[in-house]
**Student:** 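Dropping a structure here in structure tokens format, bear with me for questions.
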Amino acid sequence: MKALLEIDNVTLRFGGVVAVNKVSFSVEEGEVFALVGPNGAGKSTLFNLVSRFYDPVEGDIRFAGESILDRRPHEIARLGIARTFQNIELFEQATVLQNLLVGRHRHRQGSFAGQILFTPFVRKEERRHREAVEKVIDFLDLQPYREKYIAGLPYGVRKVVELGRALAIEPRLLLLDEPASGLSVEETQDVAFWIEDIRKQMGITVLMVEHDMHLVSSVSDRVLALADGKMLSLGTPQEVQNDPAVIEAYIGTSDEHERVVA
Ligand SMILES: Nc1ncnc2c1ncn2[C@@H]1O[C@H](COP(=O)(O)OP(=O)(O)OP(=O)(O)O)[C@@H](O)[C@H]1O
Ligand SMILES: [Mg+2]
């Protein structure tokens, strides 16, 4: 196995807060890798660094062996990195199908004139987009919702659409920021099955942030625990959960779902 994503000694500060403090780890091709840690640990900030929303003050980030620090956020999807957001980000006044097609934007080829004139090439391309999106709709059982507007959908379904929007890009690396937050036990079980299939059937590498340790243990190969921007523990789910440094970091966390030994 070889590293698909390498985080190399990365630091990011917000004023006086060191949100990410000399963090290094790599995600192997084909792996499911989880980031855990209390609120404010720096997990989402790491995703935002990989998405190139922030520039690290120190360190390097490599994807498929090449530094992506010179890449702009809009180039990231084209490289093969897709993500979901902790607070779902979808077009509210558009349908499920339209939201998934937007995800395909990076695959659009052909000239502007070609698009206007609707050449055979563009028509063929449009069909390809449709096929890719239909595959995702089937995979995530979204058929009943395809023509429904996002604004009218229950939270659990929006969450699935967000996953679908990322999958429609056909990425090599999928970043999931709290895929199970706010979901029922049954919905979380579905997420676990999907993550397994995303890895096995689609061959996509997954990096996820998640507080639900049951989900983390059931799908992840390796886990990195962070606290206050620093690396605490890296290993199998079992090793990390039993690491005294990790248990210590969670002591005093009042929020029940935050406890690593849930
Ligand atoms: N845009 C920002 N401006 C200033 N500070 C920020 C910004 N984004 C994050 N922070 C700070 O950086 C630290 C890490 O935040 P981050 O959102 O990465 O945590 P997290 O691990 O994702 O937490 P949670 O589990 O609550 O989602 C926190 O102290 C947070 O307040
Ligand atoms: Mg977060």
Side-chain angles (χ1 to χ4, degrees), residues 5 7-25 27 32-61 68-69 72-74 76 81-90 155-156 158-159 162-163 165-166 173-183 187-188 191 195 206-217 219-220 222-235 237 240-241 243 245-262:
L5 178 72
I7 307 291
D8 184 2
N9 196 36
V10 166
T11 296
L12 180 68
R13 290 187 204 97
F14 293 112
V17 176
V18 189
V20 175
N21 197 343
K22 296 184 185 297
V23 169
S24 295
F25 67 94
V27 181
V32 175
F33 192 106
L35 294 174
V36 304
N39 292 121
K43 307 178 297 293
S44 296
T45 302
L46 265 169
F47 273 23
N48 289 332
L49 282 158
V50 175
S51 304
R52 303 301 302 112
F53 296 147
Y54 302 139
D55 287 322
V57 292
E58 176 185 16
D60 196 9
I61 301 173
I68 57 169
L69 290 189
R72 310 279 306 142
H74 70 267
I76 291 304
I81 303 175
R83 70 173 290 181
T84 64
F85 292 86
Q86 191 167 345
N87 309 306
I88 303 171
E89 294 202 8
L90 291 167
Y155 177 82
R158 291 164 177 239
K159 200 90 181 154
E162 251 243 323
L163 174 59
R165 184 189 45 71
L173 175 67
L174 180 63
L175 309 177
L176 302 175
D177 199 346
E178 305 201 14
S181 75
L183 297 186
E187 288 168 333
T188 302
V191 170
I195 291 174
V206 178
L207 173 60
M208 73 168 180
V209 168
E210 185 51 61
H211 286 292
D212 181 335
M213 277 312 286
H214 185 69
L215 175 61
V216 167
S217 307
V219 301
S220 313
R222 288 188 301 152
V223 178
L224 169 62
L226 297 164
D228 297 325
K230 292 198 274 287
M231 295 176 67
L232 281 183
S233 184
L234 174 63
V240 170
Q241 275 184 91
D243 189 326
V246 175
I247 295 163
E248 174 83 7
Y250 277 89
I251 289 173
T253 303
S254 56
D255 193 352
E256 192 60 36
H257 89 290
E258 285 284 70
R259 287 210 187 110
V260 82
V261 279

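One-based numbering, in listed order, for ligands and for the atoms of each. This is a predicted model, so every value here is computed, not measured.
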**Student:** What's the shortest heavy-atom distance between Pro237 and Val223, and which atoms?
**Tutor:**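 Pro237 and Val223 have their closest heavy atoms at CA-CG2, 3.7 Å.
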**Student:** For atom 28 (C) of ligand 1, which candidate among Ala19, Ala227, Gly40 holds the nearest heavy atom?
**Tutor:** Gly40
**Student:** Does ligand 1 have a heavy atom under 4.0 Å from the side chain of Thr45, from its backbone, from both, or from neither?
**Tutor:** both
**Student:** For Glu89, which residues count as a salt bridge (Lys or Arg N to Asp or Glu O under 4.0 Å) partner, sequence neighbours excluded?
**Tutor:** none
**Student:** Is it the case that Lys159 and Thr84 place a side-chain donor and acceptor less than 3.5 Å from each other?
**Tutor:** no
**Student:** Measure across Ser220 and Val216 and return the closest heavy-atom pair with its distance rounded to 0.1 Å.
**Tutor:** OG-O, 2.7 Å
**Student:** Going by the angle between their ring planes, with limits at 30° and 60°, are Tyr54 and Phe14 parallel, tilted or perpendicular?
**Tutor:** perpendicular
**Student:** Considering non-hydrogen atoms only, spot the tightest contact between Ala41 and Leu226 and give its length.
**Tutor:**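 Scanning both residues completely, I find the closest heavy atoms to be CB-O, 3.5 Å.
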**Student:** Do the side chains of Val36 and Tyr250 get nearer than 4.5 Å, heavy atoms only?
**Tutor:** yes
**Student:** To which of Phe47, Phe14, Phe53 does the heavy atom nearest atom 9 (C) of ligand 1 belong?
**Tutor:**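 Nearest option to atom 9 (C) of ligand 1, by heavy atoms: Phe14.
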**Student:** Considering the heavy atoms of Asn39, write down every atom of ligand 1 situated less than 4.0 Å from one of them.
**Tutor:** 23 (O), 24 (P), 25 (O), 26 (O)
**Student:** List ligand 1 atoms under 4.0 Å from Tyr54, heavy atoms only on the residue side.
**Tutor:**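 By the 4.0 Å cutoff, the relevant atoms are 1 (N).
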**Student:** Restricting to under 2.8 Å, identify the protein N, O or S atoms around the Mg ion (ligand 2) as residue plus atom.
**Tutor:** Ser44 OG, Gln86 OE1
